[in-house]
Amino acid sequence: TLYALGEVRDRFRQRTDGLTVWAGVSRGLVEHTTRRYTVGVTRERERFAPSRLTPPVGPLPPDRFLVYPWFGFTSIQERFAKLRNLDQLNRTEDVNFGRRMHLRLGWSSPRLGADIAAAVLDGGYEDGRVFADHGMLQWSGALSGRWPEGGVENVLGSADARYDYRQRGGGVFHVALDLAAAYRLDPDRQIVLGGENGLRGYPLRYLEGDRSWLFTLEQRFYSTWEPLHLAYVGAAAFADVGNAWFAGGGRGPFDGALADVGVGLRIASSRSNRGSMVHIDVAYPLVSGVGVSGLEVVVRTAGEF
């Protein structure tokens, strides 16, 4: 399903089949860093058909079939910090602030049965720093896409950074910035922004585009309260500002960025070995929009605070 302003824009059926065979070598941990060299072959097939619920509004995305051998490199620096009450509630968190990078480069060819000849790229970088046990900075970037003979396509780049300051009372002040940009994205993929991924004062999948940014301020409160010995409860007060738009079509349906403020509860099971938790957020939009009339309540599960 594709969305616009929180409503269904188009719907179709999609079947994805994939298979990867690979092998690699590594010398293991050498001077706090592990490097891995891998080679493999990947087979990816995407097939599309009309939805059984409603007829498609636009043309169906074309089927895709890629078969490509590839070479990969991964480097992981070991610089772990043992933390508590950062992204989880009353759980020990081993967070790696070391440098991590990966790169995979392949070539899809009709000689292998693919329907397109193209270079295929997927890469990413992550790093972090800890400042005097109070401040923590983490940042990352990623880039993926295909390069057929006619020019690049399905290119998606992203970058994000976060800073967390641990306060004396046990709370954490959290600041985050997320950026994304795409070029000639496959028609079955979207960059969306809404209540489910950070713009909590607006409906789910509210904005779409090939560019997006989101800035978040959040004051996190942790507690040891465990009702009926079943779950821990935490809370947050937040403000979000962001936008998504198409680069060739102006700044989107709104003149500027959308913003909201709100509060939320975090409920994490104390009897589960998994760190997922329930988010209950109540947010007020500071900029009016289509289909936005007042307080927005978002209930979802997430893997972090």
Side-chain angles (χ1 to χ4, degrees), residues 79-97 126-140 158-180 193-202 204 212-242 257-286 295-305:
R79 194 163 69 233
F80 281 92
K82 184 174 289 188
L83 305 173
R84 195 171 180 84
N85 287 338
L86 178 65
D87 286 328
Q88 302 293 325
L89 264 170
N90 296 300
R91 288 176 180 266
T92 299
E93 305 173 51
D94 293 314
V95 181
N96 190 3
F97 288 90
E126 300 175 70
D127 207 344
R129 294 291 184 273
V130 178
F131 305 101
D133 296 329
H134 295 293
M136 294 159 283
L137 177 65
Q138 300 176 71
W139 65 92
S140 67
S158 63
D160 59 79
R162 59 179 286 182
Y163 179 78
D164 298 275
Y165 183 78
R166 191 176 298 279
Q167 299 156 326
R168 289 186 178 181
V172 169
F173 184 65
H174 170 81
V175 183
L177 175 65
D178 298 281
L179 308 171
L193 187 62
E196 81 284 7
N197 61 350
L199 201 60
R200 288 165 280 193
Y202 298 86
L204 308 182
S212 75
W213 64 272
L214 176 69
F215 180 71
T216 300
L217 296 174
E218 188 169 277
Q219 176 62 57
R220 298 177 172 181
F221 304 95
Y222 307 86
S223 79
T224 56
W225 183 39
E226 190 183 7
L228 301 176
H229 297 286
L230 293 176
Y232 292 112
V233 179
F238 56 83
D240 310 312
V241 186
L258 300 184
D260 63 69
V261 294
V263 295
L265 287 178
R266 305 292 181 260
I267 304 172
S269 172
S270 58
R271 298 303 177 194
S272 171
N273 60 358
R274 304 184 65 182
S276 60
M277 63 183 68
V278 176
H279 287 215
I280 304 175
D281 291 317
V282 180
Y284 179 77
L286 300 179
L295 289 176
E296 190 78 17
V297 179
V298 179
V299 180
R300 64 188 180 99
T301 59
E304 58 184 36
F305 206 95

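Nothing fancy with the numbering, it's 1 onward along the sequence.
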[X] side chain near [Y] side chain, heavy-atom distance below 4.5 Å:
| X | Y | result |
| --- | --- | --- |
| M136 | L86 | yes |
| D127 | R79 | yes |
| T92 | K82 | yes |
| F305 | E218 | yes |
| F97 | R129 | no |
| P285 | L258 | no |
| I280 | I267 | yes |
| H279 | T301 | no |

**Asked** Under 6.0 Å from the OH atom of Y284, do we count more than 12 heavy atoms belonging to anything else shown?
**Response** no
**Asked** Ignoring hydrogens and geometry, is there a side-chain-to-backbone donor-acceptor pair from E226 to S270 under 3.5 Å?
**Response** no
**Request:** Using modelled atom types only, decide if a donor and an acceptor are shared between the side chain of N90 and the backbone of S223 within a distance under 3.5 Å.
**Result:** yes
Closest non-hydrogen atom pair, [X] against [Y]:
| X | Y | result |
| --- | --- | --- |
| G242 | L199 | N-CD1, 3.9 Å |
| V298 | G195 | CG1-O, 3.7 Å |
| A239 | V261 | CB-CG1, 4.0 Å |
| V282 | F238 | O-CZ, 4.1 Å |

Are [X] and [Y] within salt-bridge range, i.e. N to O under 4.0 Å?
| X | Y | answer |
| --- | --- | --- |
| R266 | D87 | no |
| R162 | D164 | yes |
| D240 | R200 | yes |

Working to the nearest 0.5 angstrom, can you tell me the gap between [X] [atom1] and [Y] [atom2]?
| X | Y | atom1 | atom2 | result |
| --- | --- | --- | --- | --- |
| L89 | S269 | CG | OG | 11.0 Å |
| D281 | R300 | CG | CZ | 6.5 Å |
| T216 | D260 | OG1 | CG | 8.5 Å |
| Y222 | R166 | OH | CZ | 7.0 Å |
| L265 | F221 | CG | CZ | 12.0 Å |
| L177 | D160 | CG | CG | 8.5 Å |

**Asked** Pick one: which of L193, L179, D178 meets side chain to side chain contact (heavy atoms under 4.5 Å, CB included) with W213?
**Response** L179
